[in-house]
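Below is one structure, written out as structure tokens; the observations come after it.
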Amino acid sequence: MNKWFSCCIAILSLIIRGYSDDPVVLSSLTLEQAEMIALEKNHQVQTLRALYQKAVEGKLESYSKWMPTLSAFSDMYVANKKQVFTNSKSAFLTQFTLSQSILEMDKYYDVKIAKLVQEQLKLLLNAAIIDTLFEVRSLYYLVILDYESIAAAEDKVELLTSLANRMKDRYEVGTTILYNVNQSQVAIANAMAAYYEVVKAQKVNMDRLVSAMGFDPGNCQIQFAKLEIPVDTIPLLGEKLCHLRSLFEEDGLKADQKLFTKSYPLTEIHKIKALFSKPEISYWESKAKKYDPTLSASEKEVVIARREVSKGYGEYIPKVTLNVNYGGNPTDQLFVPATSFSSQTFEWGVGLQFKWMIFDSLGRERRIKQARYQKKAKESQYKKELQKTYENVRKQIFSIEEAISSFVTADANVRLATQTVDLANDQLDIGYVTIFDYQITVDGLVQALNHRNKARYEIINAYYGLRHASGADLEEEGM
């Protein structure tokens, strides 16, 4: 309750700030707050929300076509000669008509189709919602990954700067040559170029996140609540990480020791594949078939196409309409005009109008065949969409498996690389390693950090990708 209350307060403050020209500042922004803001302000969601409301009104309009219609008209004219039916140059006729459809299959199926269209737009709105949630989640943690990459680049610059200072000190006392000093400074310059690249990537991804949340780039400043990617706190991911770590260490060897055994990595492939069992994959596939809004919208198109076929057959059925008239033309056979507006005679009449198209040169048959082919195409499209949904679910599951395996390995590699840098520092002091060896060691540490951070991001991104592909968020919200 407190989490949702804080999210509502954050959105309210954004609305208040929206009236000023100053950039919006979001301090201590959590993922949940970013999601709430995006669902309120994202333009794609707003577009689909408006189209859904349009579909609601369209359904109500289709209902109104079954309701009675009341119309009124008054004809007044003057001729240059006396008219036979009034024996006067002027004629007046006022009429009130009440019409009610009793049997008209076009209107009946229009009501059915309008309801299906509303349901389809609701599904498309849900699709826009989960698309936005996935985009915000992906970008939220991508920016955090950028901050981690910046920190790794800063560590590299710091280590190389320390190396350059040591080389300069040694050159001053005559224990090294100018070449090593220059080479260490060149390495710093190259490291700074890489640093600027990751800073630029962070700015670009921040603008993408701001846009996904519904703000214009540059008009929103974000400060994150925590600069971390919490893969261990998500139950599914924490369970799989713990399971894989236990598999890697079941024979008493730690992950970093496992890297150097002759059997690694071929003997570990079956362990990675054991992360998700076939029943688990089937569970996520069945969830996607039930909740994925894009798939459900495609299924709704099949139902609409079937209604169109039924609507075509409905053209064979006669149309029956009840008409109630009051005025100078109470029936089609009785016409009672008057010579002045005040002298009009009002009479009433009630009748049924029967219309039946007996033959229209096979037009109905052609329309029915068109509707049948359309239905067949929609059915094939749904089957293709179902295959695509299953492929996407499996792809995200395989991505989680790969990312978790990469993370466990990269995490062990970071520990080894850190230890190697410490050893290189000691060996450099006594002259056992060269400046190039040290630079290579530092590069190895930075690469290990980046690989671990990227693998951790890919884990959580694949997890939210699985939720997106399966429509799990809609299940939890009961949408």
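Nothing here was measured: the structure is a model prediction, and the numbers come from that model.
- Judged as a side chain to side chain donor-acceptor pair (under 3.5 Å), the pairs with a partner in residues 348-360 (not counting sequence neighbours) are, in order, D360-R367.
- No side-chain donor from either of Y140 and E135 sits under 3.5 Å from a side-chain acceptor of the other.
- Side-chain N or O atoms of D216 include none that pairs as donor or acceptor with a backbone N or O of N219 at under 3.5 Å.
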Steps toward side-chain contact (heavy atoms from CB on, under 4.5 Å) verdict (K59, V117)
CA-CA 8 Å; K59 184 188 72 172; V117 170; over 6 Å; no
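- Partners of R394 under the salt bridge (Lys or Arg N to Asp or Glu O under 4.0 Å) rule, at least two apart in sequence or in another chain, are E285.
- Screening K378, Q374, R306 for a side-chain hydrogen bond (donor to acceptor under 3.5 Å, both in side chains) involving E301 leaves a single residue, K378.
- Atom OG of S405 sits about 5.0 Å away from atom CG of L244, to the nearest 0.5 Å.
- Inter-residue side-chain proximity for V324 and T97 is flagged as unmet; no heavy-atom pair is nearer than 4.5 Å.
- The distance between the ring centers of F276 and F398 does not fall below 6.0 angstrom.
- A donor atom on one side chain and an acceptor atom on the other are found under 3.5 Å apart for T94 and Q344.
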What verdict does the side-chain contact (heavy atoms from CB on, under 4.5 Å) test give for I129 and L133, after you've listed the backbone C-alpha separation in whole Å, the side-chain angles of each residue and the deciding distance to 0.1 Å?
CA-CA 6 Å; I129 288 175; L133 287 176; 4.2 Å; yes
Before you tell me yes or no, could you show the steps for N461 and L142 under side-chain contact (heavy atoms from CB on, under 4.5 Å), namely the whole-Å CA-CA distance, both residues' side-chain angles and the distance that decides it to 0.1 Å?
CA-CA 9 Å; N461 191 54; L142 182 59; over 6 Å; no
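- Salt bridge absent: E365 and K369 never bring a charged side-chain N and a carboxylate O closer than 4.0 Å.
- What you find for Q396 and A469 is that their closest heavy atoms are CG-CB, 4.5 Å.
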Evaluate the criterion side-chain contact (heavy atoms from CB on, under 4.5 Å) for residue pair T321 and I102; output intermediate values, then yes/no.
CA-CA 5 Å; T321 305; I102 297 178; over 6 Å; no
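- Here D207 pairs with P217 under the side chain to side chain contact (heavy atoms under 4.5 Å, CB included) rule; sequence neighbours left out.
- For S138 and Y457, the side-chain atoms include at least one donor-acceptor pair closer than 3.5 Å.
- Minimum interatomic distance between Y147 and Q202 (heavy atoms only, all atoms of both residues): OH-NE2, 3.2 Å.
- When all heavy atoms of L121 and L51 are compared, the closest pair comes out as CD1-CB, 3.7 Å.
- Judged purely by distance below 3.5 Å, without hydrogens or angles, the side chains of K107 and S101 pair a donor atom with an acceptor atom.
- A heavy-atom distance below 4.5 Å is not found between the side chains of H451 and K454.
- Counting heavy-atom neighbours within 6.0 Å of R364 CZ, excluding the residue itself, gives a total above 12.
- Between the OG1 atom of T389 and the CD atom of Q387 there is a distance of 10.0 Å, given to the nearest 0.5 Å.
- Using modelled atom types and a 3.5 Å distance limit, the side chains of S406 and E402 yield a donor-acceptor pair.
- Within the 4.5 Å cutoff, no side-chain heavy atoms of S99 are placed close to those of L322.
- In this structure, CD1 in I113 is found 7.5 Å from CD1 in I304, a value given to the nearest 0.5 Å.
- When atom types are taken as modelled, the side chain of Q46 and the backbone of E40 share a donor-acceptor pair closer than 3.5 angstrom.
- With rounding to the nearest 0.5 angstrom, the OG1 atom of T345 is 13.5 Å from the CZ atom of F92.
- At most 12 heavy atoms of other shown residues, nucleotides or ligands fall within 6.0 angstrom of atom CZ in F96.
- Distance check, rounded to the nearest 0.5 Å: CZ of F407 to CG of N413 gives 12.5 Å.
- Crowding of Y373 atom OH: a count of heavy atoms from other residues, nucleotides or ligands under 6.0 Å not exceeding 12.
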Full working for salt bridge (Lys or Arg N to Asp or Glu O under 4.0 Å) between K203 and D146
CA-CA 9 Å; K203 292 179 179 179; D146 290 334; over 6 Å; no
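- A pairwise comparison of heavy atoms in L93 and G328 identifies CD1-O, 3.8 Å as the closest pair.
- Under a cutoff of 6.0 Å and an axis angle of 45°, K41 and F215 form a cation-pi pair.
- Between E148 and L227, the shortest heavy-atom contact is OE2-O, 4.5 Å.
- Between D411 and R456 there is no salt bridge, since no side-chain nitrogen of the basic residue lies less than 4.0 Å from a carboxylate oxygen of the acidic one.
- Taking each heavy atom of N42 and A212 in turn, the nearest pair found is ND2-O, 2.8 Å.
- Inter-residue side-chain proximity for N323 and L98 is flagged as unmet; no heavy-atom pair is nearer than 4.5 Å.
- With contacts defined as side-chain heavy-atom distances shorter than 4.5 Å, the pair I460/I234 qualifies.
- At a threshold of 4.5 Å between non-hydrogen side-chain atoms, the residues L26 and C220 count as touching.
- If you take CG on D232 and CD on E239, they are separated by 12.5 Å, rounding to the nearest 0.5 Å.
- Among D131, N392, D473, the one residue that satisfies the side-chain hydrogen bond (donor to acceptor under 3.5 Å, both in side chains) test with H468 is D131.
- Here S380 pairs with nothing under the side chain to side chain contact (heavy atoms under 4.5 Å, CB included) rule; sequence neighbours left out.
- Enclosure of atom CD in E158 is not indicated, since only 12 or fewer non-hydrogen atoms of other residues, nucleotides or ligands lie within 6.0 angstrom.
- Contact of the E104 side chain with the V320 side chain is not registered, since no non-hydrogen atoms from C-beta on lie closer than 4.5 Å.
- Contact of the V231 side chain with the T233 side chain is not registered, since no non-hydrogen atoms from C-beta on lie closer than 4.5 Å.
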From CA spacing to verdict: salt bridge (Lys or Arg N to Asp or Glu O under 4.0 Å), E280, K240
CA-CA 12 Å; E280 285 180 299; K240 299 303 180 183; 2.9 Å; yes
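- Residues that satisfy the salt bridge (Lys or Arg N to Asp or Glu O under 4.0 Å) test with E299, not counting sequence neighbours, are absent from this structure.
- Applying the side chain to side chain donor-acceptor pair (under 3.5 Å) test to E119 and every residue at least two apart in sequence or in another chain returns K300.
- K287 and Y283 share a donor-acceptor pair across their side chains, judged by distance under 3.5 Å alone.
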